[in-house]
Every structure is written in C-alpha cells, then in structure tokens.
Engineer: 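Sharing a structure below in structure tokens format, with a few things to ask.
Just so it is clear, the model here is predicted, and its values are computed rather than measured.
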Amino acid sequence: MLRTIEQKIESLFEGAFGRAFRRNVQPVELARKLAKEMDDYKMVSVSQVYAPNEYVVYLSPGDRAQFESYEPALIKELEQYLTEHSRREGYVLLSKPDVSFETDEDLEVGLFGIANRMIQRESPEAEPEAAPEPGATRVYRATPADTEAASAEELGLEPEPEPQPVASVTIGGKAHDLRKASVVIGRSKECDIRVSDPNVSRRHAEIRQEGSNYWVVDLGSTNGISVNGRNLKRSKLDDGDRITLGSTEVVFGRS
C-alpha cells in the first residue's frame, strides 16, 4: 500500500511539475533511479536477497549528448554507486553491476527509461542456463530536486482521479482495457494478460503508458516481439498497430 501511495505521488510530481520545470537529466537522478530499480526488483530467496545486476538507461538524443565527453567515467561511477548500494542493503548480485546507455529517438529531453535484468554470466566451459526474467522498462521524468521532497498535502493538491481506460489490446477477438500504466503479457498466471501460447514466454512483453503515449517493450522473451512485421525491442504504439508475440497477434487500439 505504501509503495502504491509513493508511486502515485511520484507520478504527480513527474507529470504536472515535470512539464512545468522541464530540464536535462542530471547524473544524480540516474543514480537515484537506478538504486530504486535495484530495490523494486530484488528477489527474496531461501537465505539470500538477490537484485538485478544489468541495467540499460535509455536517454533522449539531447540528454545523451550532454554526457558525451565523460560518459565512460559516469558509467563507472554509477556502477560503483550500485555496488555500494547493494552492499549497504545486503543484496547479492550475480556479478558486479553493469550499466550501459542507449539513445532513444522517441524520448523527449528530461525523460529517461531504465530496463534491468538479473543475469548469470557463464564461463565458456559451463553449461548455459536460462537467464532470470528481466524487469520492465520504466520511464522517468527529470524534476527539480526541491519538489520531490514535498507531499501532495503540503502543496495543497487534490488526489488525481482514477484514470479511465483510453486504450486496449485485442487478443483472439477479446478486448482487454489497459487500466494500469504498466500491463504485462505472457503465459504466467501472474501476468496482467495471460496468453495460452507455448511460443510465448512467461513474461513476454509489457505495454507501458507515459503521458499520452504507449510503448510495447520486450521483456527478454525467447522469441522476441514484432510490430507491424518489424522485429523490435521496444516501440511506440499507434491505433491499429499489430504486435506479434510468438504465434499470437495482439491488436492495439485507442479510444
């Protein structure tokens, strides 16, 4: 319940206030959100708490350009920060943290996405094993530091009304309203939309809402995803786009 409240307040600040005070992404924000990804996607085992060890940061062309002169040094610093954070929290990592940057033309200045996964890097002699399921890609908006510490009550804001579904996906003739900002599709019973297709992974893809836009993101599936016949890792969606997961076709629609 506390995490839900935190996410609603965070969404409020990163939405209305982010648009009012748009600025470039700052390194300290990357560090803070990477640590949040590590916390949110930790896995409790029998005697250990495991956390993701691989992170991909998606940046707009403008934000990526500002780091060009010192990107390797910044990446090393972020990796050291995650190492210290995992040690402080008592997390077990399958290898030292690995951070990489990617440019995403669909992102605006001040927006950045993070995808994570937990992966065991095997030696050449070892038998290969399936990598654990990755976390979903989440998009963040750069916001002024002084507004992130304030509460909605302190700012005199009313709670945001429950959002009404404005998009849906149709699978096998059945429509599913997208009532959450993040919807996972796959074979697992824990997915938001379950698909009975042996060619679909347990957690195959995520449909993510950011503002008025929707993206489909591959969650490290075995057979990947395609949008309108093009094999992609992530793609912005338009009304009528056809997404293929394994042998299953998913039609995205906007109301």
Engineer: Quick check for you: to the nearest 0.5 Å, what is the distance between Trp215 atom CH2 and Ser235 atom OG?
Structural biologist: 10.5 Å
Engineer: I want to check something: taking the side chain as every heavy atom from C-beta on, are His204 and Ile185 in contact at a cut-off of under 4.5 Å?
Structural biologist: no
Engineer: Give a yes or no on this: more than 12 heavy atoms of other residues, nucleotides or ligands lie within 6.0 Å of atom CZ of Arg88.
Structural biologist: yes
Engineer: Please round to the nearest 0.5 Å and tell me the distance separating atom CZ of Arg64 and atom OG1 of Thr103.
Structural biologist: 4.0 Å
Engineer: Mind listing the closest non-hydrogen atom pair of Cys191 and Val184 along with its distance?
Structural biologist: CB-O, 3.6 Å
Engineer: Show your working on side-chain contact (heavy atoms from CB on, under 4.5 Å) between Ile75 and Val57 and close with a plain yes or no.
Structural biologist: CA-CA 10 Å; Ile75 288 176; Val57 179; over 6 Å; no
Engineer: Taking atom CD of Gln66 as the centre, does the number of heavy atoms from other residues, nucleotides or ligands within less than 6.0 Å exceed 12?
Structural biologist: yes
Engineer: With the side chain counted from C-beta on, respond yes when Leu93 and Met38 share a heavy-atom pair under 4.5 Å apart, and no when they do not.
Structural biologist: yes
Engineer: What distance separates Ser69 OG from Phe67 CZ, expressed to the nearest 0.5 Å?
Structural biologist: 10.0 Å
Engineer: Has the side chain of Glu89 got a donor or acceptor atom that lies under 3.5 Å from a matching backbone atom of Arg87?
Structural biologist: no
Engineer: Verify, without hydrogens or angle tests, whether Asp238 (side chain) and Asp241 (backbone) share a donor-acceptor contact under 3.5 angstrom.
Structural biologist: no
Engineer: Which atoms form the tightest heavy-atom contact between Arg187 and Arg194, and what is the distance?
Structural biologist: O-NE, 3.0 Å
Engineer: Drop me the distance from Tyr91's OH to Tyr41's OH, to the nearest 0.5 angstrom.
Structural biologist: 13.5 Å
Engineer: Say whether, by atom type as modelled, one donor and one acceptor occur between the side chain of Glu71 and the main chain of Ala73 under 3.5 angstrom.
Structural biologist: no
Engineer: Are Arg208 and Ser182 packed together at the side-chain level, in the sense that at least one heavy-atom pair is separated by less than 4.5 angstrom?
Structural biologist: yes
Engineer: Identify the heavy atoms of Thr222 and Ser201 that sit nearest to each other, and give their distance.
Structural biologist: N-OG, 3.0 Å
Engineer: Checking side-chain contact (heavy atoms from CB on, under 4.5 Å) for the pair Asp192/Lys180: CA distance, chi angles, key distance, verdict?
Structural biologist: CA-CA 9 Å; Asp192 300 296; Lys180 301 193 301 181; 2.6 Å; yes
Engineer: For Asp177 versus Ser168, what's the shortest heavy-atom pair and its separation?
Structural biologist: OD1-CB, 3.8 Å
Engineer: Side chain to side chain donor-acceptor pair (under 3.5 Å) between Asp39 and His85: does it pass, once the steps are laid out?
Structural biologist: CA-CA 9 Å; Asp39 293 337; His85 182 74; 2.9 Å; yes
Engineer: Hey, are the side chains of Asn53 and Lys96 touching, using non-hydrogen atoms and a 4.5 Å cut-off?
Structural biologist: no
Engineer: Could you walk me through whether Leu59 and Leu107 pass the side-chain contact (heavy atoms from CB on, under 4.5 Å) check?
Structural biologist: CA-CA 7 Å; Leu59 296 164; Leu107 293 176; 5.7 Å; no
Engineer: Is the shortest heavy-atom distance from the side chain of Ile114 to the side chain of Lys33 under 4.5 Å?
Structural biologist: yes
Engineer: Evaluate the side-chain proximity of Leu30 to Phe101: yes if any heavy-atom separation is below 4.5 Å, no if none is.
Structural biologist: yes
Engineer: With hydrophobic residues grouped by side-chain heavy-atom distances under 4.5 Å, do Tyr214 and Val251 end up in a single group?
Structural biologist: no
Engineer: Please lay out, stage by stage, how Val250 and Ile193 fare under the test side-chain contact (heavy atoms from CB on, under 4.5 Å).
Structural biologist: CA-CA 11 Å; Val250 179; Ile193 300 177; over 6 Å; no
Engineer: Taking all atoms of both residues into account, what is the closest heavy-atom pair of Glu105 and Pro61, and its distance?
Structural biologist: OE1-CG, 3.3 Å
Engineer: If I take atom CD from residue Glu210 and atom CG from residue Leu111, how far apart are they, to the nearest 0.5 angstrom?
Structural biologist: 5.5 Å
Engineer: With a 4.5 Å heavy-atom cut-off, do Val227 and Arg230 have their side chains touching?
Structural biologist: no
Engineer: Heavy-atom count check: over 12 atoms from other residues, nucleotides or ligands less than 6.0 Å from Arg242 CZ?
Structural biologist: no
Engineer: Go through the steps for Glu190 and Arg202 under the test salt bridge (Lys or Arg N to Asp or Glu O under 4.0 Å), then give the verdict.
Structural biologist: CA-CA 9 Å; Glu190 297 177 356; Arg202 294 182 69 254; 5.2 Å; no
Engineer: Does the Glu79 side chain pair with the main chain of Val99, one donor and one acceptor, at a distance under 3.5 Å?
Structural biologist: yes
Engineer: For the pair Ser45 (side chain) and Gln48 (backbone), establish whether a donor and an acceptor sit closer than 3.5 Å, ignoring hydrogens and angles.
Structural biologist: no
Engineer: Asn199: what forms a side chain to side chain contact (heavy atoms under 4.5 Å, CB included) with it, not counting sequence neighbours?
Structural biologist: Asp197, Asn223, Ser247
Engineer: Side chains of Tyr70 and Pro27: does their closest heavy-atom pair fall under 4.5 Å?
Structural biologist: yes
Engineer: Can you give me the closest heavy-atom contact between Phe112 and Glu29, atom names plus distance?
Structural biologist: CZ-O, 4.2 Å
Engineer: From Leu245 CG over to Ile225 CD1, what is the distance, rounded to the nearest 0.5 angstrom?
Structural biologist: 7.0 Å
